Protein chains: 2
Amino acid sequence: MELKKRILIHDIAKHLDVSIATVSLVLNGRAKEKRISDVLAERVLNYVNEVGYKPNQLAKSLRSGKTHVLGLVVEDIANPFFATVARLIERKALENGYHIIYCSTNRDTAMTKDILTMFEERHVDGYVLALPEGLESEVSALVRSGKPLVMFDRVLSGVPANAVVVDGATGMYEAAQHLLAQGYKSIALITIMHGQTQMITRRQGYAQALREHNLPELVSEIELDQEPAQIVGQMESFFQAHPHCEAVLFTTNYLGLYGLEALNRLGWSVPNRIAVISFDDNALFRLYSPPITVVAQPLEVMAEEIIKVLLTALKGAKPTNGMVLLQLTPKLLIRQSSIRPSESTRANLK
Amino acid sequence: MELKKRILIHDIAKHLDVSIATVSLVLNGRAKEKRISDVLAERVLNYVNEVGYKPNQLAKSLRSGKTHVLGLVVEDIANPFFATVARLIERKALENGYHIIYCSTNRDTAMTKDILTMFEERHVDGYVLALPEGLESEVSALVRSGKPLVMFDRVLSGVPANAVVVDGATGMYEAAQHLLAQGYKSIALITIMHGQTQMITRRQGYAQALREHNLPELVSEIELDQEPAQIVGQMESFFQAHPHCEAVLFTTNYLGLYGLEALNRLGWSVPNRIAVISFDDNALFRLYSPPITVVAQPLEVMAEEIIKVLLTALKGAKPTNGMVLLQLTPKLLIRQSSIRPSESTRANLK
DNA sequence: AAAATATGCTAAAGCCTTTTAGCATATTTG
DNA sequence: CAAATATGCTAAAAGGCTTTAGCATATTTT
């Protein structure tokens with residue numbers, strides 16, 4: 001009833017009447033280096049192929065210290081931004097023989113600390129991290145330990161680590177300028193309460209644009225640790241409290257979603273009653289009526305660079321090679337939601 | 001410059017002047033069973049806590065054969081359906097001390113075969129699988145090997161494995177009935193070409209509803225291995241070729257998306273020119289104008305049941321305990337996109 | 001022709017745990 | 001009081017691989 005026993009390197013060696021070491025060396029491409037004759041190397045390879053021997057990865061890892069697993073930490077794998085980046089990273093990692101083990105933090109610092117510990121226990125070879133705040137010392141320690149590591153989307157302030165981020169300041173600045181150029185004066189920003197670096201820079205872009213035009217800021221900070229319905233409600237209240245508001249910028253895709261829902265409920269039509277721009281593109285924004293103007297992040301490039309940095313660190317032995325800090329430029333995709341209607345249209349709708 | 005050496009079980013034993021075995025047994029909760037005195041057990045636990053010793057998971061895994069890692073295979077982690085299920089599974093797995101390693105298949109059978117092999121090499125403790133066709137023998141072998149395994153979303157025909165699926169036939173039947181009840185006669189179905197089981201049953205539900213009303217089927221099968229723009233184009237052609245079509249059912253969320261884009265381009269307004277229902281709910285459908293009627297899958301329950309089945313198999317020793325085949329009932333969420341406009345409204349728009 | 005070097009391979013240590021068999025000593029039983 | 005059983009713990013094997021030091025033999029150098 002038992003299936004045939006798993007074949008071991010020992011069996012290969014025995015059958016070919018060579019040593020285990022020889023088989024191992026050949027299998028790891030160190031035959032030349034270790035002066036195993038070509039003919040023997042080939043004999044080994046052939047037999048291994050023939051019987052379909054696959055080394056036990058656990059044993060390999062235990063001995064070599066390499067697991068060929070990358071730890072991916074995102075805020076929420078169900079968020080299209082992270083899901084898409086994860087998908088792209090996954091593909092490129094796989095192409096290079098690495099597997100992904102992932103966890104969602106849900107912005108919970110304590111839980112994230114556990115996740116990092118678990119990843120360490122599991123001896124992941126490298127880290128791809130989009131972390132909540134409060135893990136500065138942990139990540140610093142990781143960096144110091146020399147483990148390949150890339151932060152993305154956001155960084156931790158004061159932690160000198162490789163990072164691939166998007167220039168949210170410029171992105172938001174351009175978005176705001178686009179609104180200002182059309183004569184909008186009362187432009188709101190809806191952002192989150194946590195001080196993640198990417199949110200701060202996005203807000204700065206908005207602030208600078210308004211400052212240049214001597215216009216006052218109008219900002220709502222949303223506490224995310226509440227039910228979706230409450231968040232929508234909070235936004236409704238905000239809009240109601242600012243009936244003069246003509247345009248609104250959302251700093252993330254999910255805020256944009258909640259915002260659209262809030263505007264729906266209020267019956268504020270877009271863009272007639274209010275213009276809308278969100279950070280971070282996705283299918284919904286593209287297909288919404290009207291299509292939503294967005295600051296699109298270059299996801300593909302992002303994933304590519306993340307993996308590139310990581311692979312370099314994984315291969316290159318140089319420990320203190322200096323950090324890579326890559327700032328990618330987002331792209332304002334102007335769609336209908338931010339185009340000021342003609343006066344006649346507005347009048348019609350009054 | 002070097003950080004302090006990682007602490008080993010050996011160090012613990014030495015410091016406490018007990019054997020390694022004792023420490024191991026205590027740490028694995030087998031103190032009682034192996035008659036380690038309570039006082040010693042506590043001494044061990046205290047010291048371990050004090051110095052923060054964490055066993056090397058690789059060594060544990062190698063020795064015990066358990067990795068506490070689950071392999072998750074989905075069609076595309078960037079698809080909101082899979083991303084959401086992944087998120088829910090992840091949470092519950094973590095609660096039970098399991099980590100997730102995942103891969104997207106992209107409907108590529110050959111690549112998926114590799115993925116399964118890799119998972120096996122990595123000695124995952126269990127599998128959660130939404131597979132493309134063509135892996136019947138591989139999965140059968142896995143099942144026979146006794147590895148805990150749950151298929152979800154779809155099954156492989158003829159493979160007797162645990163499975164958690166959604167009753168797409170009933171879901172689509174009800175959706176079609178809803179349209180028929182409103183007097184729609186020419187109802188199209190847009191589905192994919194591949195013969196995945198879940199797609200087949202969804203189509204059957206549609207077919208049965210039409211049959212009961214003696215209405216002809218109107219089906220378009222989309223080949224997914226093309227560019228998005230082409231898919232949209234194909235749907236446009238389909239609609240143009242069937243101008244009498246009054247309503248359309250999409251069998252997946254992404255088909256629904258493409259379909260909405262196609263209808264947009266054609267200028268066919270929903271639901272005035274054509275009623276729309278899609279399988280599988282998500283934020284876009286909820287927020288779209290008009291909101292799209294969907295056959296919503298019970299994602300939370302799904303994830304819960306998947307993990308429940310898996311954990312039972314992981315704990316329970318019984319190898320041939322019989323298979324679990326769970327069929328969950330989806331829910332028709334009627335929104336505006338499938339509500340037949342009054343005659344006057346229609347006339348207005350003519 | 002002896003010494004040095006190159007060639008081709010292997011023995012065995014090491015990675016860090018878990019787990020089994022079993023050794024003393026103490027207690028109970030007949 | 002000897003034999004049986006219980007108690008509390010440990011030595012050592014096992015898990016499957018990588019890697020280092022080094023052993024013969026063959027070839028080249030002085």
Side-chain angles (χ1 to χ4, degrees), chain A residues 4-45 47-48 51-69 97 120-125 317, chain B residues 5-45 47-48 51-69 97 120-123 125 317:
Chain A
K4 57 176 175 276
K5 245 183 79 177
R6 210 185 146 80
I7 182 167
L8 305 179
I9 195 171
H10 172 86
D11 305 322
I12 304 285
K14 194 165 217 168
H15 179 268
L16 294 176
D17 200 32
V18 297
S19 78
I20 289 182
T22 303
V23 178
S24 174
L25 291 170
V26 169
L27 250 33
N28 290 296
R30 301 181 58 196
K32 278 268 139 47
E33 169 194 350
K34 288 295 183 174
R35 301 182 306 225
I36 310 288
S37 65
D38 289 1
V39 44
L40 177 49
E42 188 150 340
R43 217 153 59 83
V44 170
L45 252 17
Y47 185 65
V48 163
V51 298
Y53 163 70
K54 307 270 181 199
N56 180 324
Q57 293 298 323
L58 289 172
K60 276 183 92 122
S61 296
L62 175 59
R63 180 59 235 245
S64 64
K66 304 266 160 254
T67 53
H68 276 244
V69 171
E120 199 175 346
E121 283 173 42
R122 290 207 181 282
H123 295 255
V124 300
D125 285 350
Chain B
K5 247 183 72 178
R6 212 189 142 81
I7 182 166
L8 305 180
I9 195 171
H10 172 85
D11 305 323
I12 305 286
K14 193 166 218 168
H15 179 269
L16 293 176
D17 201 33
V18 298
S19 77
I20 289 183
T22 303
V23 178
S24 174
L25 290 170
V26 170
L27 250 33
N28 291 295
R30 301 182 56 195
K32 279 267 137 49
E33 168 195 348
K34 288 295 183 172
R35 299 182 307 228
I36 310 288
S37 66
D38 288 2
V39 45
L40 177 50
E42 188 149 342
R43 219 154 57 84
V44 170
L45 251 18
Y47 185 65
V48 163
V51 298
Y53 163 70
K54 307 270 180 197
N56 180 323
Q57 293 297 324
L58 290 172
K60 276 184 92 121
S61 295
L62 175 59
R63 181 57 235 244
S64 65
K66 305 266 158 252
T67 53
H68 277 246
V69 171
E120 199 174 348
E121 282 173 42
R122 291 208 178 280
H123 294 254
D125 286 352

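Chain identifiers are assigned alphabetically (A, B, ...) following the order of the sequence lines, protein sequences preceding nucleic acid strands; residue numbering begins at 1 within each chain. What you are looking at is a predicted structure, and each value in this text was computed from that prediction instead of being measured.
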Quiz: residues 10-17 of chain B side-chain donor-acceptor pairs under 3.5 angstrom, not counting sequence neighbours:
residue: B/Asp11; atom: OD2; partner: B/Leu8; partner atom: N; Å: 2.7

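- Under 3.5 Å, the side chain of B/Arg63 and the base of C/dT17 form no donor-acceptor pair of N or O atoms.
- Interface residues of residues 26-36 of chain A facing DNA chain D, ordered by number: A/Asn28, A/Arg30, A/Lys34; criterion, heavy-atom separation under 4.0 Å.
- Residues B/Tyr53 and B/Leu27 share a closest heavy-atom pair of CE2-CD2, 3.5 Å.
- With sequence neighbours left out, B/Thr67 forms a side-chain hydrogen bond (donor to acceptor under 3.5 Å, both in side chains) with B/Asp125.
- In terms of position along DNA chain D, the nucleotide closest to B/Asp38 lies nearer the 5' end than the nucleotide closest to the other residue of the pair B/Leu62 and B/Asp38.
- If one axis is set at each end of the helix from C/dA1-D/dT30 to C/dG30-D/dC1 from five pairs, those axes are 50° apart, to 10°.
- Contact annotation for A/Ser37: backbone-only contact, meaning every heavy-atom pair under 4.0 Å involves sugar-phosphate atoms and none involves a base.
- Residues satisfying the side-chain hydrogen bond (donor to acceptor under 3.5 Å, both in side chains) criterion with B/Ser19, sequence neighbours excluded, are B/Thr22.
- The distance from atom CG of B/Asn28 to atom NZ of B/Lys34, rounded to the nearest 0.5 Å, is 12.0 Å.
- Put simply, the side chain of A/Arg30 never gets that close to the backbone of A/Ser24: no donor and acceptor are under 3.5 Å apart.
- The nearest whole Å value for the distance from the CZ atom in A/Arg43 to the P atom in C/dC9 is 9 Å.
- In terms of modelled atom types and a separation under 3.5 Å, the side chain of A/Ser64 and the main chain of A/Lys60 share a donor-acceptor contact.
- Between the C1' atom of D/dC17 and the CG atom of A/Leu58 lies a distance of 11 Å, rounded to the nearest Å.
- Contacts with DNA chain C (heavy atom under 4.0 Å) in residues 9-23 of chain B: B/Ile9, B/Ile20, B/Ala21, listed by number.
- In this structure, A/Ile7 atom CD1 and D/dG16 atom P are separated by 12 Å, rounded to whole Å.
- Whole-Å rounding puts the B/Leu25 CG to D/dT10 C1' distance at 10 Å.
- Between A/Leu8 atom CG and D/dG16 atom C1' there is a gap of 7 Å when expressed in whole angstrom units.
- Of the options A/Ile36, A/Val23, A/Val26, a side-chain contact (heavy atoms from CB on, under 4.5 Å) to A/Val18 is made by A/Val23 and by none of the others.
- For the pair A/Arg122 CZ and C/dC15 P, the interatomic distance rounds to 22 Å; values are reported in whole Å.
- A/Tyr53 has a side-chain polar atom (N or O) that falls below the 4.0 Å cut-off from OP1 or OP2 of D/dC17.
- In this entry the distance linking NZ of A/Lys66 with C1' of C/dC15 reads 14 Å, nearest Å.
- Going from atom CD of A/Gln57 over to atom C1' of D/dC17 covers 10 Å, rounded to whole Å.
- Annotation for A/Glu42: atom CD does not count as buried by contact number, only 12 or fewer foreign heavy atoms lying within 6.0 Å.
- Nearest approach of B/Glu121 to A/Gln57, heavy atoms of both residues: OE1-NE2, 3.3 Å.
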Q: Apply side-chain contact (heavy atoms from CB on, under 4.5 Å) to the pair A/Asn56 and B/His123, showing each step before the final yes or no.
A: CA-CA 8 Å; A/Asn56 180 324; B/His123 294 254; 3.5 Å; yes

